[in-house]
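Just below is one structure, and these are the notes that go with it.
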Amino acid sequence: MIDSSDIIKQLENRVKGFHVDSKTENVGLVEVNHDGVVTASGLSKAVMGERVVFENGVLGVVFDLTEDNVSIILLDEASDIKEGDTVKTTGELLGVTVADEILGRVVSPLGLPLDGRPGIKKGKLMPLERIAAGVVEREPVDTPLKTGIKSIDAMIPIGRGQRELIIGDRGLGKTAIAVDTIINQKNVGKGQKRVISVYVAIGQKQSTIAQIIGKLKDEGALDTTVIVVADAADPAALVYLAPYAGTAIAEYFMEKGEDVLIIHDDLTKQAWAYRQISLVLGRPAGREAYPGDIFYVHSRLLERAVRLNKENGGGSITALPIIETQTGDISAYIPTNVISITDGQIFVESDLFNSGIRPAINVGISVSRVGSAAQTGALKSVAGKMKLELAQYRELAAFAQFGSELDATTAKQLERGKRATEMFKQPQYHPLSEAYQILSIAAVTRGHVDDIPVESIPEFETRLHEFAANKKYQKVLERLTTGEKLKDDDLTIVDKLIEEFKKGFNSDK
Amino acid sequence: MNRQTLKQLVIESYSDGTLDAQKVNKIADLLTKKELQLYITALKNWEKANKLIIEVPSDGGLDLQALRDAFPDKKIVINTDPSLLLGMRIQNNDDIYEMSLKNSLDKITEHITEQYD
């Protein structure tokens with residue numbers, strides 16, 4: 001039986017920290033509600049970005065301040081707000097409550113649960129808008145973030161703290177690259193820090209989002225992932241705020257010294273939402289009807305992707321924004337803006353996709369401006385000149401179509417290129433560990449597949465990996481996994497392994 | 001019509017602190033439809049800014065002199081709202097000061113709900 005003093009103590013604890021003070025509120029009256037943007041009079045003490053609450057509980061954010069009025073964007077259903085309703089300030093800037101328990105959860109840009117589980121009440125309030133870390137707090141990108149996709153890790157390597165744009169038309173596998181990268185984070189090598197992923201679904205169909213969540217769950221990657229959702233049915237304000245909310249969640253983990261990967265899928269839809277809000281607010285329209293500050297919307301967001309130095313915890317945020325182009329036009333307004341903001345881009349192309357090259361990455365125009373410093377020595381040893389050789393092959397292949405006679409060197413280059421292209425094909429949801437990537441690439445660059453028919457390459461690769469998985473070669477794989485530069489001896493061992501496999505492969509054929 | 005002119009028109013609409021119907025009608029006749037809308041909004045805002053609304057649970061027991069001393073330039077309007085139970089609510093333009101028992105009870109309910117959620 002509980003003692004009476006315990007009961008009293010429990011009651012005391014319940015009211016601990018509770019003070020009944022008089023309340024001061026700054027209120028306003030709704031004058032106009034126009035497509036989710038409300039104009040209110042009063043609210044003389046409101047500040048930009050402050051959270052306000054309407055009398056029916058709907059939330060909004062102060063988005064414009066004029067001498068007489070305040071413009072508020074609504075974060076909920078707009079039809080309930082009518083002229084004359086009262087609205088009051090809360091004294092809080094818009095933020096999202098984050099705790100470690102948010103991992104594996106699906107939340108809205110306001111941090112509210114969307115997965116039917118209880119909300120996160122106790123945690124740190126992370127502001128959605130925040131100034132990015134300064135130069136003194138930063139460190140150069142030097143640690144790889146492995147995507148598990150051979151063509152990216154070998155030729156367009158990404159480093160932790162980098163901003164790499166994934167750009168291309170719809171339906172060409174941009175999201176697939178991002179999802180594969182998240183899945184691959186469970187294969188982090190020994191001695192390497194884990195990577196937490198934040199996937200921000202911006203203005204997407206709910207069915208697509210459900211599919212991605214299901215896949216991440218099946219692959220066991222959801223436990224280290226946070227999914228922020230502002231779907232196509234959400235108000236424009238939520239769609240606009242979603243990438244900032246995702247970044248705020250990523251910053252929480254980065255401050256704890258963790259490495260975080262954030263996917264913004266996609267920023268084109270966020271730009272549309274911002275354009276809609278700006279036009280309703282009556283801000284002057286510029287190119288493609290986007291407001292003048294659309295560049296700043298994206299630059300201040302992506303600038304928050306950073307690698308912090310040891311004194312500041314050593315955490316990082318790697319951003320993979322996605323941009324959807326129309327008929328491959330990368331010279332449109334939003335694509336050119338984001339290309340100039342990021343540290344490189346992965347360009348997916350419809351021609352490659354339709355000719356069966358998947359992932360459909362155009363290696364020629366895809367670049368990674370800082371990632372090469374982060375590529376491991378092992379991968380560099382076998383894939384160093386791969387990008388140049390493949391680009392040369394594509395040029396030569398275009399000329400070879402005219403059917404003129406080719407000299408032996410060119411013919412060899414063409415044959416090698418065909419095999420390299422075939423080897424870089426990779427099915428979706430099958431990210432590869434670094435050791436297997438090195439084996440596949442070494443098989444091409446060191447000439448082991450020159451005499452293998454192009455159509456047999458996929459089978460060759462699959463069986464090579466199965467062969468290498470044998471306990472006998474455990475040490476070779478472990479050596480390749482260390483990431484250290486491969487010496488001649490190491491390369492000889494790799495050659496030996498491939499040759500040994502090839503004997504069996506050829507005899508089976 | 002600029003803001004300065006609008007403000008001047010609003011000030012001129014008053015005689016001894018009260019809105020003068022004659023002056024208002026005279027000014028309104030001189031304005032276009034758009035200007036008239038601005039004038040109405042400005043009058044409403046002026047009225048609101050110069051009014052102090054006090055809500056109390058019941059008539060009586062209110063120290064009006066103390067309130068007049070605290071807000072010397074304001075026109076005081078007293079309304080009754082029994083739901084406040086005790087204390088008062090003061091609305092000064094867009095600021096609201098809640099000093100009622102209802103507010104205290106609401107706060108306690110809010111706090112306990114948060115604890116149990």
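A, B, ... follow the sequence lines: proteins, then strands. Residue 1 opens every chain.
Heavy atoms of other residues, nucleotides or ligands lying less than 6.0 angstrom from CD of A/E83 number 12 at most. Within 6.0 Å of the NZ atom in B/K7, the count of heavy atoms belonging to other residues, nucleotides or ligands does not exceed 12. More than 12 non-hydrogen atoms from other residues, nucleotides or ligands lie less than 6.0 angstrom from CD of A/E92. Atom NZ of B/K48 is surrounded by more than 12 heavy atoms from other residues, nucleotides or ligands within 6.0 Å.
Interface summary for chain A: among B/T41, B/I90, B/I96, the most heavy-atom pairs under 4.5 angstrom belong to B/I96. Considering only heavy-atom pairs separated by less than 4.5 Å from chain B, the leading option among A/L43, A/L29, A/V27, A/D68 is A/V27. Your options are A/E67, A/K45, A/K88, and the one with the most heavy-atom pairs under 4.5 Å with chain B is A/E67.
Interatomic distance, CG of B/D95 versus OG1 of A/T89, reported as 8.5 Å (0.5 Å rounding).
In terms of modelled atom types and a separation under 3.5 Å, the side chain of B/D94 and the main chain of A/G28 share no donor-acceptor contact.
When heavy atoms are compared at a cutoff of 4.5 Å, B/R3 approaches chain A solely by way of its side chain, counted from C-beta outward.
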